[in-house]
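Accompanying notes for the structure given below.
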There are 2 protein chains.
Amino acid sequence: MLEVTPRTRLTRKPDRQVTDRRMLHEILDAGIVAHIALCADGQPMVLPVGYGRDGERLLIHGSTGAGLLRRAAAGAQVAVVVTLLDGLVYARSMFDSSMNYRSAVVFGQTTALSGDAKLDALRLISERLMPGRWSEVRPPKPKELAATLVLELPLDEASVKIRTGPPSEDHPDQEDPLAWSGVLPLRAVADEAIAAPNVRPGVATPPSIDAARARVAAIDGTQL
Amino acid sequence: MLEVTPRTRLTRKPDRQVTDRRMLHEILDAGIVAHIALCADGQPMVLPVGYGRDGERLLIHGSTGAGLLRRAAAGAQVAVVVTLLDGLVYARSMFDSSMNYRSAVVFGQTTALSGDAKLDALRLISERLMPGRWSEVRPPKPKELAATLVLELPLDEASVKIRTGPPSEDHPDQEDPLAWSGVLPLRAVADEAIAAPNVRPGVATPPSIDAARARVAAIDGTQL
């Protein structure tokens with residue numbers, strides 16, 4: 001269960017608040033891009049990042065050159081959000097029209113990983129984003145590891161919001177005999193892989209591309 | 001041209017910084033969901049929102065019940081981000097592997113709209129999210145308008161980051177004769193619309209559903 005804290009309590013549509021930790025995991029495992037927000041000298045900053053979940057921690061990676069991530073590594077409070085857009089909800093009024101979505105926000109402080117813990121975390125993130133690719137390519141070089149920041153954020157405090165299903169409408173609107181209402185489902189798809197110009201003739205698309213296709217299909221929604 | 005300010009200057013990969021205002025517009029027009037971040041008593045907060053662009057302003061709508069939006073309406077500095085994920089970039093090393101994306105962050109203070117300006121803005125947002133739907137349904141009621149917050153954010157200060165094309169790799173990696181590298185393109189698609197259970201038999205899917213399908217196709221990427 002996710003404990004509801006002052007910063008995770010929904011002030012609006014509390015019926016959309018979900019405290020099942022499995023749903024948090026499901027959303028985090030489906031998404032590819034997260035947005036990390038923090039306050040820098042009182043000003044909000046936000047950045048899209050690749051990430052992966054491992055048990056009860058979120059692993060975020062980026063460049064040591066990214067100022068926002070350095071601030072996070074230095075202990076700034078962060079809010080990390082992953083949103084999956086599952087559909088457009090067409091009610092018989094604009095007011096009741098909505099979107100179907102699954103969204104998770106994790107609050108807390110990150111820790112920068114180093115040594116074996118950092119390498120393990122990079123492998124875990126890689127397996128989430130591009131399953132199987134890690135073992136198809138050469139290992140990271142020390143200077144590459146040095147240029148990479150890997151942050152760990154415990155899943156201690158998180159809010160999960162989900163809207164699903166058909167429109168919820170006011171009674172009179174529902175009685176309009178001519179009006180259509182419903183949902184337009186959205187999802188992400190992967191198209192054919194495009195080889196880089198320098199790939200030698202005859203080099204086949206690797207198994208990790210098929211794995212990524214399955215991984216994208218598993219999102220069952222988009223992050224639109 | 002977008003002026004580069006201390007908070008929009010990229011500290012990392014400055015080659016990905018784009019100052020063409022048309023690109024800002026293109027990204028904002030493609031996206032469906034934005035994330036709005038702000039600082040509340042020094043703590044970062046972030047929320048997914050529906051939005052639309054109109055000229056040099058971003059229009060965000062939400063409920064008057066959303067604490068974050070009320071803080072934004074009261075003048076808090078915000079950062080609003082829209083990210084489109086266009087593909088997974090498979091290099092011959094994990095370090096050079098990446099994602100193709102288009103991302104825009106707009107900084108500033110929002111103004112809450114009222115009266116005709118509010119109604120006009122709601123129509124504009126609606127036309128961006130569900131083109132044509134506004135005129136298929138009844139007009140908003142006064143109590144619905146009262147429960148809706150519409151914020152305007154000028155596109156004065158914004159940073160745009162784009163990564164596109166094949167992997168950029170270190171020279172030795174490129175010479176591996178057996179290794180594949182390339183891009184797995186991603187995009188969002190709309191599936192068949194699902195009518196709500198209370199739609200009368202014979203009521204056809206409205207033209208706005210086809211318009212939304214075209215609108216999703218125009219994203220040419222996902223927001224994953």
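Order of the sequence lines sets the chain letters (A, B, ...), proteins ahead of strands, with each chain counted from 1. Atoms considered below: every heavy atom in the structure, side chains included; atoms not considered: hydrogens, waters and symmetry mates.
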Distance (rounded to the nearest 0.5 Å) between B:Ile125 CD1 and A:Met94 CE:
9.5 Å
What one should report as the nearest heavy-atom pair of B:Leu88 and A:Leu129 is CD1-O, 3.8 Å
Which of the residues A:Ala79, A:Cys39, A:Ala37 is involved in the greatest number of heavy-atom pairs with chain B at under 4.5 angstrom?
A:Cys39
Determine whether B:Asn198 and A:Glu169 make a side-chain contact, defined as any pair of heavy atoms from C-beta on separated by less than 4.5 Å.
yes
Quick one: does any side-chain atom of A:Arg92 pair with a main-chain N or O of B:Glu136 as donor and acceptor, under 3.5 Å?
no
When the 4.5 angstrom heavy-atom criterion is applied to B:Thr64 and chain A, the contacting part is neither
Any idea which heavy atoms bring A:Leu38 and B:Pro44 closest together, and the distance?
CA-CB, 3.7 Å
Chain B contacts, top residue of A:Ala91, A:Pro166, A:Ser63, A:Pro140 (heavy-atom pairs, under 4.5 Å):
A:Ser63
Any idea which of A:Ser159, A:Pro48, A:Gly42 has the most non-hydrogen atom pairs under 4.5 angstrom with chain B?
A:Pro48
Side chains of B:Lys141 and A:Phe95 in contact at under 4.5 Å (non-hydrogen atoms):
no
In terms of heavy-atom pairs under 4.5 Å, which option from A:Arg123, A:Gln77, A:Met130, A:Gln43 contacts chain B the most?
A:Met130
Counting heavy-atom pairs under 4.5 Å to chain B, which of A:Val183, A:Leu10, A:Asp96, A:Leu47 comes out on top?
A:Val183
In Å, rounded to the nearest 0.5 Å, how long is the span from OG of A:Ser181 to CD1 of B:Ile194?
12.0 Å
With a 4.5 Å cut-off on heavy-atom pairs, point out which of B:Pro185, B:Gly62, B:Gly182, B:Ala179 contacts chain A the most.
B:Pro185
For the student: nearest non-hydrogen atoms of B:Leu85 and A:Ile32, plus distance:
CD2-CG2, 3.8 Å
All pairs passing salt bridge (charged side-chain N to carboxylate O under 4.0 Å, His left out) where residues 198-207 of chain A contributes a residue, at least two apart:
none
Which one, B:Val105, B:Ile209, B:Leu122, leads in non-hydrogen pairs under 4.5 Å with chain A?
B:Ile209
With sequence neighbours excluded, what pairs up with A:Ser126 under the side chain to side chain donor-acceptor pair (under 3.5 Å) test?
none
Under 4.5 Å from any heavy atom of chain A - which part of B:Tyr101:
neither
Student check: side-chain heavy atoms of B:Val46 and A:His35 closer than 4.5 Å:
no
What residues of residues 66-76 of chain B sit under 4.5 Å from chain A when only non-hydrogen atoms are counted?
B:Ala66, B:Gly67
Applied to residues 201-214 of chain B, the salt bridge (charged side-chain N to carboxylate O under 4.0 Å, His left out) test, sequence neighbours excluded, yields none
Region of B:Val199 that comes under 4.5 Å of a non-hydrogen atom in chain A:
both
Taking every non-hydrogen atom, the tightest pair across B:Arg133 and A:Trp180
NH2-O, 2.8 Å
Rounded at 0.5 Å granularity, tell me how far CG in A:Leu184 sits from CD in B:Glu192.
9.0 Å
